[in-house]
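In what follows, a single structure is set out as structure tokens and then discussed.
The figures here come from the full heavy-atom set of this structure, side chains too, leaving out hydrogens, waters and symmetry mates.
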Amino acid sequence: MATVTELKAVLKDTLEKRGVLGHVRARIRAEVFNALDDESEPPPPLSHENLLINELIREYLEFNKYKYTASVLIAESGQPVVPLDRQFLIRELNAFEESKDNTM
């Protein structure tokens, strides 16, 4: 019969292989940050450049499904909860969008 230590090791290995353990850790970090966040202290005002940079970072995080990391970025930076319009972002950055896959 397997020991408790062996069962823990197998369970941890299985959860890591399935990607669940990383997801749980990210969720815990996000929840801890939210619990510790002092909402009485407003974030510093965002410059136009930082707003655009943060929006690019948010788009990257959401594209890669790093939703907890994105939620921490939004809370810490003071970035608006509603994403900027993609066409506005493209115009501001003088970028162009690939029509096949909607990438910049």
Side-chain angles (χ1 to χ4, degrees):
M1 180 163 261
T3 67
V4 173
T5 304
E6 290 170 333
L7 289 174
K8 284 181 182 179
V10 169
L11 181 60
K12 181 181 175 187
D13 187 50
T14 302
L15 292 175
E16 282 178 345
K17 285 181 181 174
R18 292 183 181 174
V20 175
L21 196 55
H23 179 76
V24 169
R25 286 178 178 151
R27 175 68 189 248
I28 290 171
R29 278 192 293 272
E31 290 301 325
V32 167
F33 173 79
N34 285 336
L36 296 174
D37 189 27
D38 183 10
E39 293 186 16
S40 65
E41 183 180 324
L46 280 175
S47 69
H48 182 70
E49 292 81 11
N50 283 349
L51 180 76
L52 295 175
I53 291 167
N54 289 346
E55 194 61 35
L56 288 173
I57 294 169
R58 180 202 331 227
E59 185 164 317
Y60 164 79
L61 294 172
E62 290 178 354
F63 177 81
N64 287 289
K65 304 201 181 343
Y66 301 147
K67 59 184 175 180
Y68 300 115
T69 307
S71 71
V72 171
L73 170 72
I74 292 166
E76 264 192 318
S77 68
Q79 191 78 1
V81 175
V82 177
L84 296 177
D85 179 65
R86 188 176 180 92
Q87 294 305 316
F88 170 78
L89 198 56
I90 289 169
R91 279 193 310 275
E92 288 295 304
L93 298 171
N94 294 321
F96 62 93
E97 188 170 21
E98 295 285 333
S99 59
K100 295 180 218 172
D101 54 8
N102 288 340
T103 59
M104 280 194 237

* Asked: Say you draw a straight line from CD1 of Ile53 to CG of Leu93; how long is it, rounded to the nearest 0.5 Å?
  -> 9.5 Å

* From NZ (Lys8) to CG (Asp13), nearest 0.5 Å -> 15.5 Å

* **Partner of Gln87 by side-chain contact (heavy atoms from CB on, under 4.5 Å), out of Asp85, Leu84, Leu89** => Asp85

* To do: Hey, could you give me the CZ/NZ distance between Arg27 and Lys67, rounded to the nearest 0.5 Å?
  => 7.5 Å

* Got a donor-acceptor contact below 3.5 angstrom from the Asn64 side chain to the Tyr60 backbone? -> yes

* Do Val10 and Glu6 have side-chain heavy atoms sitting under 4.5 Å apart? -> no

* Asked: Leu11, Leu7: one ILVMFWY side-chain cluster at the under-4.5 Å cut-off?
  -> no

* Looking at side-chain heavy atoms only, is the closest gap between Asn54 and Ile74 below 4.5 Å? -> no

* **Val24 with Leu15, same ILVMFWY side-chain cluster at under 4.5 Å** => yes

* Would you check if the side chain of Gln79 reaches a backbone N or O of Leu51 as a donor-acceptor pair within less than 3.5 Å? => yes

* Side chain proximity check, Glu31 to Tyr68, heavy atoms < 4.5 angstrom -> no

* Flag the pair Glu59 / Pro83 as yes when at least one side-chain heavy-atom distance between them is below 4.5 Å, and no otherwise. => no

* Asked: Taking the side chain as C-beta and beyond, is there a heavy-atom pair between Lys17 and Lys12 under 4.5 Å?
  -> no

* Structure fact -> The reported gap from CD1 in Ile57 to CD in Glu55 (rounded to nearest 0.5 angstrom) is 10.0 Å

* **From Arg58 atom CZ to Ser71 atom OG, the distance as rounded to the nearest 0.5 Å** => 11.0 Å

